[in-house]
Amino acid sequence: MKWSKTIIPTLRDNPQEAEIDSHKLMLRAGLIRKLGGGLYTFLPLGLRALRKVENIIREEMDRAGALEVLMPALQPREIWDTSERYETMQNVLYHVFDRQKREMLLGPTHEEVITDLVAREISSYRQMPKTFYQIQTKFRDEIRPRFGLMRAKEFIMKDAYSFDTGWDEADASYQAMYDAYTRIFQRCGLRTKTVEADTGAIGGKWSHEFMVMADSGEDGIVECEACSYAANLEKAERALPVTKVFPDNDKLPEEISTPGMRTIDEVSGFLKSEPMRLIKTLIYLINGNPTAILVAGDREINEHKIARLLETSNVMLADDKTIEKATGAPVGFAGPVGLNIPVYADIGLRGYSGAITGANKKDTHLLNVDLERDAKIQSYMDLCTVKEGDKCPRCQASLKEKRGIEVGHVFKLGTKYSEKFSAIYLDEKGEKKPVVMGCYGIGVTRTLQSVIEQSHDAKGIIWPVSVAPYSVVIVVPNTGHNDSVKAAETLMASLEQKKIDVLLDDRDERPGVKFNDADLLGFPIRVVISERSLAKNSIEIKLRSAEKAEIIPIDLGESRILELCKT
RNA sequence: CGGGGUGUAGCGCAGCCUGGUAGCGCGUUUGGUUCGGGACCAAAAGGUCGAGGGUUCAAAUCCCUCCGCCCCGACCA
């Protein structure tokens, strides 16, 4: 391909709309353009890279034995009623109405569609295991689209669904996808980390996320310094802390005036006490019922954990009125003593004694609180978010906090959907059983941008050969020099015949412009053919990732390029 | 949805405070010179100043309403 025949609108300046490097570079390198918030057009160069990622995924899915299908993006509402996700996923669903005013949804994911299919088409244990996948556009009404392709309203996803006769069999399918994912991201040149994750609204028993480590990532992760434990902060656990018993723990609760002191910082500062000694009491509405959640003053509540442990998706902080009604005090003075709503406490608070809490009375706190003795706790559960320095739940070593971009997610779903859609099969004994499912997603467009986020420098993108829009760029510094142009065209034609993706920069531009654009666009291999090199009967080959170029005799150039393309 | 920011030529920005001719750099077009790391000379095109309303003799500029975009938060397979 000649540069003059395609369109690569590079930008010199960073567009002001972009915040992170990969987003800036995708715009500057002319890979994508924005239509509106969370909506992007792929330009020819961006599409080429996207297709490469898709093909890697397709190859590895096929290799793992998965079967490609293509499901409708437009879905009847009814199947979402059947799965009972019309409500739980309300806030990401796009609603569409046809001419009969029938409600349709733009698919944010396809568990419903595939399970409906399987319920109709699979009825015997002889037909399993089966894994289906598709690469398709998904639609989600994201509250806040961000960072270009990282979080968009319309994006491309590879989703896969496995169907097995039992749990052990399903584990094998899960493992096959897990292994395929590992290969996929490796082939894309990504360094990923696999972490244990929350299953969220999709449900299921167990899940892992594939994270691209990057400071700009939206997800917090902890990993153990010593063992292999790593988890998303939404899910991460910690070794049980030592019980805290503070001074004066034998005394009875005693009120103390704390005028206007509402926050942990204010109270601990005012009482000259460490925040850890305070018990933070927050009133939540859980399924609409006021409920108190307790954690130590130096910790944050993890609402994902509340939702999971109490088996609901309806967890929100209570409004001021509800709090006042439940505690009998203005916001900021809640405490567990004497509360007559359900109270759940974090496991770290078990045995807390000599602690400080709100007194459920304006401008007042309580000293010397012993949780067991003075409050009625429904149960102690793991309710707070792990933080740096907490101990590993497996080996007690310290946990470190990092950021990551979630590019893949694998779930063991179980029978949640198969039961709702009556995806039932007959086993060897003729008994009816629900199919056991797994589901697996890769954010394809997000993966593409992650490659750039992880592989770039001050000058631009550094593509791995596997996903580069073109593996080779041939630069002719002076297009006025006919011999250079001819040699370049010959080389391009010859490489193209060998199925190498080549771009020939035939623009009438100054050399500096061409070199800078080549660096910005990040093609892995740059070949320069000029009067200067031809005089020595040579061409110049430089890797984008390397400092220096190598000078190769012209008749050996092609084989050298082919060799470099393989690595 | 709450908080903050921003909207002026394709891109990046100035002008707004203190109302009066809409500017700069890059890019684009034409001609010429130049040609190994974002050249130079000359000429030119390109703007409902986000939208609507108001104040005023006069609004990019002041006031009101709305909208888009970006960031933080809430939320999120």
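Note that the structure is predicted; figures quoted are calculated from it, not measured. When reading the values below, keep in mind they use all heavy atoms of this one structure, side chains included, and skip hydrogens, waters and symmetry mates. So you know, we letter chains A, B, ... as the sequences are listed, proteins then strands, and number each from 1.
- Atom C1' of B:C49 sits at a distance of 40 Å from the matching atom of B:C35, rounded to the whole Å.
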| Can you give one letter per nucleotide of nucleotides 67-75 of chain B, going 5' to 3': B for a protein heavy atom under 4.0 Å from the base, S for sugar-phosphate only, - for none? | --SSBBBBB
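- Here the shortest heavy-atom pairing between A:T447 and A:C188 reads CG2-SG, 4.5 Å.
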| said: Within the 4.0 Å limit for protein heavy atoms, which parts of nucleotides 29-36 of chain B are touched? Write it as a string from 5' to 3', B for base, S for sugar-phosphate only, - for none. | reply: -----BBB
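- Rounded to whole Å, atom P of B:A39 lies 12 Å from atom CZ of A:R507.
- A 3.5 Å limit on both hydrogen-bonding distances identifies no Watson-Crick or G-U partner for B:U56.
- Between the P atoms of B:A9 and B:G3, the separation comes to 29 Å (whole Å).
- B:A14 and B:G7 are spaced 15 Å apart, taking the C1' atom of each and rounding to whole Å.
- Every ring pair (Phe, Tyr, Trp, His ring centres under 6.0 Å) that A:F185 has, sequence neighbours left out, goes to A:F210.
- Taking atom C1' in both B:A51 and B:A44, the straight-line distance is 32 Å, to the nearest Å.
- For the segment residues 4-14 of chain A, the set of residues with a heavy atom within less than 4.0 Å of an atom of RNA chain B comprises A:R12, A:D13, A:N14, in numerical order.
- A:T415 and A:E419 share a side-chain donor-acceptor pair at under 3.5 Å.
- B:G19 is unpaired under the Watson-Crick or G-U wobble criterion, no partner having all donor-acceptor distances under 3.5 Å.
- For A:R28 and B:G38, the CZ to P distance is 15 Å, given to the nearest whole Å.
- Rounded to whole Å, the P atom of B:C64 lies 15 Å from the corresponding atom of B:G4.
- As a whole-Å value, the separation of A:E234 CD from B:C76 P is 9 Å.
- When both pairing distances are held under 3.5 Å, B:A39 makes a Watson-Crick or G-U pair with B:U33.
- Counting only residues at least two apart or in different chains, side chain to side chain donor-acceptor pair (under 3.5 Å) contacts with residues 514-523 of chain A comprise A:T10-A:D517, A:R507-A:D517.
- A:R526 places a side-chain heavy atom less than 4.5 Å from the side chain of A:V475.
- Residue pairs meeting the salt bridge (Lys or Arg N to Asp or Glu O under 4.0 Å) criterion with at least one partner in residues 475-489 of chain A, sequence neighbours excluded, are A:K2-A:E489.
- Between B:G15 and B:U6, the distance separating the two P atoms is 12 Å to the nearest Å.
- Taking a pair to require two hydrogen-bonding distances under 3.5 Å in either a Watson-Crick or a G-U wobble arrangement, B:G68 pairs with B:U6.
- In this structure A:H110 satisfies the ring pair (Phe, Tyr, Trp, His ring centres under 6.0 Å) test with no other residue, sequence neighbours excluded.
- The salt bridge (charged side-chain N to carboxylate O under 4.0 Å, His left out) test applied to A:K138 returns A:D159, not counting sequence neighbours.
- Summarising the base pairing, B:A45 is matched to no nucleotide, lacking a Watson-Crick or G-U wobble pair whose two defining distances lie under 3.5 Å.
- Rounded to whole Å, atom C1' of B:G2 lies 13 Å from atom CG of A:D320.
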Going by atom type alone, with no hydrogens or angles, which donor-acceptor pairs under 3.5 Å involve a side-chain atom of residues 282-289 of chain A and a protein atom two or more places apart or on another chain?
residue, atom, partner, partner atom, Å
A:Y284, OH, A:E303, OE2, 2.9
A:N287, OD1, A:T312, OG1, 2.6

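- Remark: A:M104 engages A:L74, A:V96, A:R102 in a side-chain contact (heavy atoms from CB on, under 4.5 Å) (not counting sequence neighbours).
- Here the separation of B:C63 from B:G25, taken at their C1' atoms, is 34 Å to the nearest Å.
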Side chains of residues 142-153 of chain A: which donor-acceptor pairs under 3.5 Å do they make with residues two or more places apart or in other chains?
residue, atom, partner, partner atom, Å
A:E142, OE1, A:R151, NH1, 3.0
A:E142, OE2, A:R151, NH1, 3.4
A:R146, NE, A:E218, OE1, 3.0
A:R146, NH2, A:E218, OE1, 3.1
A:R151, NE, A:E218, OE1, 3.2
A:R151, NE, A:E218, OE2, 3.0

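- The gap from the C1' atom of B:G52 to that of B:G68 amounts to 15 Å, rounded to the nearest Å.
- With a cut-off of 3.5 Å on both pairing distances, the Watson-Crick or G-U wobble partner of B:G73 is B:C1.
- A cation-pi arrangement, defined by a distance under 6.0 Å to the six-membered ring centre and an angle within 45 degrees of its axis, is absent between A:R446 and A:F155.
- In terms of the side-chain hydrogen bond (donor to acceptor under 3.5 Å, both in side chains) criterion, residue partners of A:E453 (sequence neighbours excluded) are, by chain and number, A:S22, A:S216.
- Using the Watson-Crick or G-U wobble rule with both distances under 3.5 Å, B:G27 pairs with nothing in any strand shown.
- The interatomic distance linking A:L93 (CG) with B:C76 (P) rounds to 13 Å, in whole Å.
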